Participant: 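Pasting a structure here, questions to come.
Treat the numbers as computed from the prediction; the structure is a model and nothing was measured. Each chain gets a letter, A, B and so on, in the order the sequences are listed, and its residues count up from 1.
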Amino acid sequence: MTFSDLGLSPKVLSAVTDAGYTQPTPIQAGAIPHALLGKDVLGIAQTGTGKTASFVLPMLTRLEKGRARARMPRTLILEPTRELAAQVEENFVKYGKNHKLNIALLIGGVSFDEQDKKLERGADVLIATPGRLLDHRERGKLLLNGVEILVIDEADRMLDMGFIPDIERICEMIPFTRQTLFFSATMPPEITKLTEKFLHAPVRVEVSKAASAATNITQRLVKSGSKPWDKRETLRNLMKAEDAELKNAIIFCNRKVEVSELFRSLLKHDFDAGALHGDMDQRARMQMLANFRDGKLRYLVASDVAARGLDIPDVSHVFNYDVPIHAEDYVHRIGRTGRAGRSGKSFTIATKSDTKYIDAIERLIGNKIEWHDGDLSTVVASEGGEDDAPRRGKGAPRRAGRKDEDRKVRGERKKGGERRARHGEEDASSVVAEQEQPDVAQTAVADISERRARKEAIRSENTERKSSDRNEQRAPERGDTRPQRDNSRPARHRHQEDNDTTVGFGDDMPAFMRIVAKV
DNA sequence: AAAAAAC
């Protein structure tokens, strides 16, 4: 079976060939012929199975006929996260290089202006996260009754994220005559109900994933004391020990604050690290990811926003700074390494309180994970020692110093207990970034949240001048999860970083995918 | 014990 057997147009085939692919993955072989015939498809597949191309390629073929009208996109792809949406856009650019298509990416955290312009011009392909899409519609900038093909991607994840009501609303805005391509890794009852409601006689294409994680990933548990400084020290030792083998690594934390804390700590220890989590402003998110992909950053500290779907080829190591609470996340996280049949290594830092989560993970993958250097019974409670601490006065008692340091690493945020406004994203910080690094502010997208933040900053300056906490919070800080430290590098447009292994097929096909393809 | 997503 080759791509030329699937019925794709010459333009699409040529782009696929240029990208170096000849053999479709099971999901592609199963879905593409039906999608080309205009049938609804229910694809049950994980990310990394070549799922994206299984809708991008037939859509491109079908889009060759007809033209888009202003504000009336011809196709719509819904994605749960901004990064995934951007990644799908990259795929359209890559495989649509022989087409003249207008592609619009509607995601939060960036300016409306550019998105409006693209809608106005008429989008052949509209890729969106649900919130921003609905926002545009409510502003009257978008009509969905011209949509011919609707793609709902990662439906089960949308369910986890509470997007289903939004998805239903959007589905109801699009004519019945549309074609719907629906993808989900799992089929919980809510998702089945959704497919019954919105799909018409779908062809079911299922790629079963082996229950256990790929065998080319070496997995180890690493014992650690449970205090943050213990865990950071454990991690650093591990990173140093693996240095020779380590090309690049993603370090997963369970919480966004932990991402920030660990990131700052690693910087302090001169590790070449970036950070990625959902409360960072969009420019910083994009830039961190691009820099990591380009090899400008060796380590990426991330929340589970990076656990699924994101295509970062050739990560040599995954470290779980925290044991994931949901066993499934473990499989997704370590699946960021060992791609393309390469070998990968994953280390999971475990403390005494993690045992029940480890048990659940081992049950899910059907295997015991080996301990790297003895199990938790040999762990000693932490007392004193050096961590991130810069030099302190001699007299300072060690324990207190540690805690003090820990708070320092955590940043001033802890002090005032102030909480950042939810929708201001990283609020005033982007203003700081702008003042400090005008070059980036110029090249970066004009960010509406930045303008809001600026207003917010001015207002709080007027009303809360007395509060030193407040002022401190706005002070520039090197070790923040915000873009400051990378601002010296010009922002690159996402189209320029053309990873040639964006879709999980060809030589990037994980072993588990070859197992079954039921059509 | 979390994360994600509009402003």
Participant: Mind calculating the distance between CZ (A/Arg82) and C1' (B/dA6) to the nearest angstrom?
Facilitator: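 Result: 8 Å.
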Participant: Is it true that a side-chain atom of A/Glu362 and a backbone atom of A/Ile369 form a donor plus acceptor pair closer than 3.5 Å?
Facilitator: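 Yes; at least one donor-acceptor contact below 3.5 Å.
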Participant: In residues 161-168 of chain A, which ones come under 4.0 Å of DNA chain B, going by heavy atoms?
Facilitator: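 Contacts with DNA chain B under 4.0 Å: A/Met161, A/Phe163.
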Participant: Would you mind reading off the distance between A/Asp329 atom CG and B/dA4 atom C1', rounded to a whole angstrom?
Facilitator: 11 Å
Participant: What does A/Asp135 touch in the nucleic acid at a heavy-atom separation under 4.0 angstrom: a base, only the sugar-phosphate, or nothing?
Facilitator: base
Participant: Are side-chain N/O atoms of A/Asp354 and A/Thr351 paired as donor and acceptor at under 3.5 Å?
Facilitator: yes
Participant: Can we call the ring centroids of A/Phe252 and A/Tyr321 under 6.0 Å apart?
Facilitator: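 So the answer is no for these two rings.
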Participant: Is there a donor and acceptor pair closer than 3.5 Å between the side chain of A/His326 and the base of B/dA2?
Facilitator: yes
Participant: Ignoring backbone atoms, establish whether A/Arg139 has a side-chain N or O less than 4.0 Å from OP1 or OP2 of B/dA6.
Facilitator: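 Answer no for this pair, as no side-chain N or O of A/Arg139 is under 4.0 Å from OP1 or OP2.
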Participant: Quick check on B/dA2: is either OP1 or OP2 less than 4.0 Å from any side-chain nitrogen or oxygen of A/Ser303?
Facilitator: no
Participant: Atom CD of A/Glu79 and atom P of B/dA4: how far apart are they, to the nearest Å?
Facilitator: 17 Å
Participant: Is it the case that the side chains of A/Asp304 and A/His277 hold a donor-acceptor pair, with the cut-off being a distance below 3.5 Å and no angle test?
Facilitator: no
Participant: Can you tell me which nucleotide in B/dA6, B/dA2, B/dA1 comes closest to the side chain of A/Glu138?
Facilitator: B/dA6
Participant: Give, for atom CG of A/Leu133 and atom CD1 of A/Ile170, the distance between the pair rounded to the nearest 0.5 Å.
Facilitator: 4.5 Å
Participant: Measure from OH on A/Tyr330 to P on B/dA1 and round the result to the nearest Å.
Facilitator: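 Taking OH of A/Tyr330 and P of B/dA1, I get 24 Å after rounding.
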Participant: What integer distance in Å separates A/Asn320:CG from B/dA2:P?
Facilitator: 17 Å
Participant: Donor-acceptor pair, A/Lys223 side chain versus A/Asp373 backbone, under 3.5 Å?
Facilitator: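 Yes, A/Lys223 side chain to A/Asp373 backbone: donor-acceptor pair under 3.5 Å.
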Participant: Rounded to the nearest angstrom, tell me the gap between atom CG in A/Asp281 and atom P in B/dA6.
Facilitator: 14 Å
Participant: B/dA3, OP1 or OP2 - any side-chain N/O from A/Arg285 closer than 4.0 Å?
Facilitator: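 No, because none of the side-chain N or O atoms of A/Arg285 sits under 4.0 Å from OP1 or OP2 of B/dA3.
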Participant: Rounded off to whole Å, could you give me the CG-to-C1' distance for the A/Leu78 and B/dA6 pair?
Facilitator: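 After rounding, the reported distance stands at 14 Å.
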Participant: When you measure from the side chain of A/Lys256, which nucleotide among B/dA2, B/dA3, B/dA1 comes out closest?
Facilitator: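 Output: B/dA3.
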Participant: Is the CZ atom of A/Arg298 crowded by more than 12 outside heavy atoms at less than 6.0 Å?
Facilitator: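 Counting neighbours around CZ of A/Arg298, more than 12 heavy atoms of other residues, nucleotides or ligands fall under 6.0 Å, so yes.
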Participant: In whole Å, I'd like the distance from the CD atom of A/Glu258 to the P atom of B/dA3.
Facilitator: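 Those two atoms, CD and P, are 8 Å apart.
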Participant: Under 4.0 angstrom, heavy atoms only, what part of the nucleic acid is A/Asp322 near: base, sugar-phosphate, or nothing?
Facilitator: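 The answer is nothing, as A/Asp322 stays clear of every strand by at least 4.0 Å.
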